[in-house]
Novice: 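Mind looking over this structure? Questions follow.
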Amino acid sequence: GIQGLLPEELAFIQEERALREACQWSQEEVEQRCGITRQTLSNAERRRCALTLATAIKISHAYGKDLAGFADGARRWLQGLLLAALRPPF
């Protein structure tokens, strides 16, 4: 996997995979439901890439959740991404 993934980001990825398996969805089904590529999802699940805020939102919506619908650890990571996105670039 890649170095430097935050524990909260790992929590999001782990929860996504657990949800996908509980729904008995393939990566292709998630791809169709949220509009990200199977390769992106596969790389995230194997910890080969970091997720962007936009991708995390799309994944959340695929499971009928908003960002707050994920576990506490994942929520903290997502809130940090959102705050960073709203911060003016200086």
Novice: Can you see which heavy atom on A56 is nearest to which on F12, and at what distance?
Specialist: O-CZ, 3.8 Å
Novice: Mind checking the CD1-NZ spacing from I57 to K65? Nearest 0.5 Å is all I need.
Specialist: 15.5 Å
Novice: Quick one, C34 with Y63, criterion side chain to side chain contact (heavy atoms under 4.5 Å, CB included). Give me CA distance, side-chain angles, the key distance, then yes/no.
Specialist: CA-CA 9 Å; C34 68; Y63 294 100; over 6 Å; no
Novice: Taking 4.0 angstrom as the limit, do R38 and E31 come out as a salt bridge?
Specialist: no
Novice: Nearest 0.5 Å please: distance from the CG atom of L41 over to the CZ atom of R46.
Specialist: 10.0 Å
Novice: Of all the heavy-atom pairs spanning A62 and W25, show the shortest one and how long it is.
Specialist: O-CH2, 3.4 Å
Novice: Between R20 and E45, does any NZ, NE, NH1 or NH2 come within less than 4.0 Å of an OD or OE carboxylate oxygen?
Specialist: yes
Novice: Working to the nearest 0.5 angstrom, can you tell me the gap between N43 CG and T37 OG1?
Specialist: 7.5 Å
Novice: Has E21 got more than 12 heavy atoms of other residues, nucleotides or ligands less than 6.0 Å from its CD?
Specialist: yes
Novice: Rounded to the nearest 0.5 Å, what's the gap from CD1 on I59 to CD on E16? Could you check?
Specialist: 5.5 Å
Novice: If you take all heavy atoms of A44 and I13, which pair is closest and at what distance?
Specialist: O-CG2, 3.3 Å
Novice: Contact between E28 and R33 at the side-chain level, heavy atoms closer than 4.5 Å - yes or no?
Specialist: no
